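Please read the structure below before turning to the comments.
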Amino acid sequence: MNENYFPQELEKRWQKFYEENDVFKTTDDSDKPKYYALSMFPYPSGKLHMGHVRNYTITDVIARFKKLNGFNVLHPIGWDSFGLPAENAAMQHGANPAVWTDENIAYMTGQLKRLGISYDWDREVTTCKEDYYRWTQWIFLQLYKKGLAYKKEAAVNWCEKCGTVLANEQVIDGKCWRCDSVVEKKYLSQWFFKITDYAEDLLKDLDKLKGWGDNVKTMQANWIGKSQGAILKFKVVEKDLEIPVYTTRPDTVHGITYLVVAPEYKNIEELTTPENKQAVEEYRANARKLTEIERLSTERIKTGVPLGTHCINPFTGEKFPLWTADYALVEYGTGAVMAVPAHDTRDYDFAKKYNLPIKVVIQNSESPSDCSESAYVEEGVLVNSNEFNGMKNTEAKKAITQKAVDNGYGEFKTQYRLRDWLISRQRYWGAPIPVVYCDKCGIQPVPETQLPVRLPEDVDFSVVGKSPITTSPTFQDTICPVCGGHARRETDTMDTFVCSSWYYLRYADPHNTNLPFSKELVNKWLPVDQYVGGIEHAILHLLYSRFFTKALRDLGLLDFDEPFSNLLTQGMVLKDGSKMSKSKGNTVDPDEIFENYGADTARLFILSDSPPARDFDWSDAGVEGCYKFLNRVWKLFSNNQEYITLDYKLPEKLSKENDDLVRVVHMAIKSITNDISHDFQFNTVISRYRELTNAIYDWRGKKTELNEEDKAVFSFATTSLIKLMSPVTVFMADEIWKELGSETSIHDEKWCEYDENLAKASSITLVVQINGKVKDKIEADEGLDNDSLKEIAMNSQKIKDLIEGKTIVKTIVVPKKLVNIVVK
RNA sequence: GCCCUUGUGGCGGAAUCGGUAGACGCGUUGGACUUAAAAUCCAAUCGGGGUUAUCCCUCGGUGCCAGUUCAAGUCUGGCCAAGGGCACCA
């Protein structure tokens, strides 16, 4: 064994060995219980960054730990490989996106292997390959048949820079999630998935996700945005029309003083009188020009114009005017709002500005407000509300809605904020949407037998302002599957989030050529036992995947409701207090770390300083410290190889110091096992490695000669240490194991077991408190009962002096730990 | 405005049940080895005060203010700050 640790040489050797011997292959037929560990698959951007390293190392340690504990572990990887960067690179360098993507995948695959992640590469899934995207298209067709995929004209989010539409989830603060440019509204006919059909399911089933953090669950709940209220219908005086509004405050219905429709409201022209037409047209044109950001700004002063027409309040018979204002949103509720200025702050501001009446209908009985200064939005009792006067407003919500239901001008209504998922993209590098447009038959799905609809290669990537796919001379012209006549292919491709919404299912059955996956295999491996990835996917990917799982369940393709039982959202990797990014120039290249210190040091360090869920601050000194520690472990073995054997036998009876070391080992096994299995607290796991190493060094330092008993104890301690470290420092562990004479890999060993009786010190430190303050510490035997502990405490000279002349009120004894004497 | 998360030394962070606050590491300081440096090893390291025959004693201390308790980083109530999410959603 080399005296010194040379990770560069040994890691390369082991990597080659693992690859040649296919050691991480997972079989479907095993008696062992299954465990599915999954990292969010990467976009093949070119190189791994430290966030990847952290993500994959965490999952790898979990996978390896489960394998050592007797599970049949599925730990796959793949590539989320459709998307804009490949296309942009193609435009800039004239390269084909497929070639660019393949090169990146090849390089990053090499990095993952260097990092020592135990993937079953046989199950690798690449979303841009035909054998994958044909099934993405197939799933689209199943959703289409079920009515869950549809095309409609709508105001959609348009990113000019990316040249495509975006889903609501991809618009962050009015800006594109990818390129940060301001998003505009456009009216376009686009493909949607009907995720809103699952709004209630997606919300309700969050309760089933015990293994998810509350932060992610509340983010999803907020996004789904359920609210309960009523639809109330108001007759228009001047026209034979009815305007339905959605409200969560039917209790305030007697306080309506005007009604607002959105500028894009469908009947707005009909509702406008000739005298008001010009002003309304101008207002609407203006509203159209505003960006989403301007329009949604809460600081902006509310504006609007009257339409000239009126509605009747069926509860009071009162007539009130109709207005249009852009604070009413066409896409939420019915696009119309009943305005109760007295009890809604937005309506209040608007009414003040335009001198509209304010009518109080809810009051706090103790301190009535006339709403001359501000709206009263708290709970209270109804006034000016006919038969409902005196009723609590919480009860009135129900009673008033019921009256509307009974009289045919209203209904109870649950409303969600969630919108349908816009999946069309006007881009080349994605899975083509498998439909054609026939001049006679209209929209027709491509028959399953004709899948995949291949991406054309005869395209011009240099075009500006349209998708390269439209430049193909061969792609668009096709034949209608129904009538055989001329048809055009859809040129939009699918959002890459469609591809990533089912990849975790494909891993269960990656080579299936008849179906995306067999029901049997997907039910066997899923749900994912542990999913690990970044918090940035809290809504996007995780919500879409949950939707897909539910939709595929309803299609009869699988039998579970939720795809991911446990979710670990890892924190960001920071350097100097901010997120590592190329623009800030504070990135650390994993290759450099592999080169200088080896992958084991990288793995150890990325787990060592923070718990996985928290942000991790990269420090060069920390890397150095981990490298030193590995050297220390290495030397423990290289300097003592002659005393360490794998087939040692611990004698029954041990000397005191040997017994102590054995106990330290058992304690380490216990705490490491607990820390990994409970919260994946790898930072404390690594602390235990260091403590155990320190304890072994201390023990060794006291011995010049080792007798047979010593050698057995030393062997037990050192081999336990390296086994405990093996999920983290994978190469070093295998190398040392081999040097110790093993024919088989340390990764095929069983996890260390501990004896509860030995996993504690042979003596205890009895803490003696007076009035809750520590006054003395006394070494005592481990097995003493409470009375004996009390006696020991009372016999302490120090304690005797301190309680001299005082009255003992009572004495509390915590078994094996503490005596507290309460004195006056 | 609403919701979630987090507040512990110079720093990252430990601390099953309420029971020794600061494990482990980084950094710093001192020492050993060395011609010297690096590496390595040893020791010290929350703050104030006392005594300094360096071993103790004592007080304070986990964002702030109260409370419960023999005992609170941990439980309860009320605040404050930071990070994140949602938001003219009717």
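Chain naming here is simple, since letters A, B, ... match the order of the sequence lines and numbering starts at 1 in each. Since the structure is predicted, the reported quantities are computational estimates derived from the model, not experimental observations.
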- [ ] Indicate, yes or no, whether a donor-acceptor pair under 3.5 Å links the base of B:C70 to the side chain of A:Lys810.
- [x] no
- [ ] Could you point out which residue of A:Lys397, A:Lys398, A:Gln228 forms a side-chain contact (heavy atoms from CB on, under 4.5 Å) with A:Phe412?
- [x]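 Passing option: A:Lys398.
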Task: Check: A:Asn393 side chain, A:Ala396 main-chain N or O, donor-acceptor pair, under 3.5 Å - done: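 Checked: no pair found.
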Could you write out each protein N or O paired with an N or O of nucleotides 39-44 of chain B at a distance under 3.5 Å?
from  : atom 1 : to       : atom 2 : distance (Å)
B:C41 : OP1    : A:Arg632 : NH1    : 3.2

Using whole Å, report how far [atom1] of [X] lies from [atom2] of [N].
| X | N | atom1 | atom2 | result |
| --- | --- | --- | --- | --- |
| A:Asp675 | B:A23 | CG | P | 17 Å |
| A:Leu418 | B:A87 | CG | P | 12 Å |
| A:Leu607 | B:A14 | CG | P | 14 Å |
| A:Leu818 | B:U20 | CG | C1' | 8 Å |

Need one value for [X]: base, sugar-phosphate or nothing, where a base atom within 4.0 Å counts as base even if backbone is also close, heavy atoms only.
| X | value |
| --- | --- |
| A:Arg417 | base |
| A:Asp347 | nothing |
| A:Val822 | sugar-phosphate |
| A:Gln415 | nothing |
| A:Ser619 | nothing |

Salt bridge (charged side-chain N to carboxylate O under 4.0 Å, His left out) involving [X] - partner list, sequence neighbours excluded:
| X | value |
| --- | --- |
| A:Glu378 | none |
| A:Glu379 | none |
| A:Arg690 | none |
| A:Lys217 | none |

Aromatic ring proximity, centroids under 6.0 angstrom, [Y] and [X]:
| X | Y | answer |
| --- | --- | --- |
| A:Trp421 | A:Phe497 | no |
| A:Phe320 | A:Tyr258 | no |
| A:Phe616 | A:Phe605 | yes |

- [ ] Would you please classify the geometry between the A:His254 ring and the A:Phe315 ring as parallel, tilted or perpendicular, with 30° and 60° separating the classes?
- [x]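 A:Phe315 vs A:His254 ring planes: perpendicular.
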Using a cut-off of 6.0 Å, state whether more than 12 heavy atoms not belonging to [X] lie near its atom [atom1].
| X | atom1 | answer |
| --- | --- | --- |
| A:Lys702 | NZ | no |
| A:Glu779 | CD | yes |
| A:Glu791 | CD | no |

Open item on the list: Does a side-chain N or O of A:Ser610 approach OP1 or OP2 of B:G12 to a distance below 4.0 Å, or not?
Closed with: no
Task: Distance test, side-chain N/O of A:Tyr332 to OP1/OP2 of B:A90, below 4.0 Å - done: yes
With the side chain of [X] defined as its heavy atoms from C-beta on, choose the nearest nucleotide among [options].
| X | options | value |
| --- | --- | --- |
| A:Thr247 | B:A90, B:G85, B:G13 | B:A90 |
| A:Ala621 | B:G27, B:A90, B:A14 | B:G27 |
| A:Gln681 | B:G19, B:G85, B:A14 | B:A14 |
| A:Arg690 | B:G19, B:U20, B:G25 | B:G25 |

Could you list the protein-to-nucleotides 3-9 of chain B atom pairs, N/O on both sides, closer than 3.5 Å?
from : atom 1 : to       : atom 2 : distance (Å)
B:C4 : O2'    : A:Asn215 : N      : 3.4

- [ ] For RNA chain B, find the residues of residues 761-768 of chain A with a heavy-atom distance under 4.0 Å and give them by number; none if there aren't any.
- [x] A:Thr765, A:Val767
Taking only the [atom1] atom of each, what is the distance from [N] to [M] in whole angstrom?
| N | M | atom1 | answer |
| --- | --- | --- | --- |
| B:A23 | B:C11 | P | 15 Å |
| B:G61 | B:U51 | P | 23 Å |
| B:C59 | B:A21 | P | 13 Å |
| B:C75 | B:A82 | C1' | 24 Å |

TODO: For the pair A:Lys670 and A:Glu756, find out whether any cationic side-chain nitrogen is under 4.0 Å from an anionic carboxylate oxygen.
DONE: yes
Open item on the list: Salt bridge check, A:Asp173 against A:Lys175: does any charged N sit closer than 4.0 Å to a carboxylate O?
Closed with: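 Judged by the 4.0 Å cut-off on N to carboxylate O distance, A:Lys175 and A:Asp173 do not form a salt bridge.
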Open item on the list: Does B:C86 count as syn, meaning its glycosidic angle lies within 90° of 0, or as anti?
Closed with: anti
Task: Conformer about C1'-N of B:G49 - syn within 90° of 0, anti elsewhere - done: anti
Give every pair of a protein N or O atom and an N or O atom of nucleotides 49-59 of chain B that lie under 3.5 Å apart, one pair per line with the distance.
from  : atom 1 : to       : atom 2 : distance (Å)
B:C57 : OP1    : A:Lys798 : NZ     : 2.9

TODO: State which residues pass side-chain hydrogen bond (donor to acceptor under 3.5 Å, both in side chains) with A:Arg546; sequence neighbours excluded, sorted by chain then number.
DONE: A:Gln220, A:Glu562
TODO: Scan residues 605-619 of chain A for pairs that pass side chain to side chain donor-acceptor pair (under 3.5 Å), counting only residues two or more places apart or in two chains.
DONE: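 Pairs touching residues 605-619 of chain A that pass the test: A:Trp618-A:Asp620.
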Task: Structure string for RNA chain B in dot-bracket form, Watson-Crick and G-U at under 3.5 Å, | interchain - done: (((((((..(((......[....)))((((((.......))))))(((((.....)))))..(((((..]....))))))))))))....
Task: Qualifying salt bridge (charged side-chain N to carboxylate O under 4.0 Å, His left out) pairs with a residue from residues 767-777 of chain A, counting only residues at least two apart or across chains - done: A:Asp776-A:Lys798
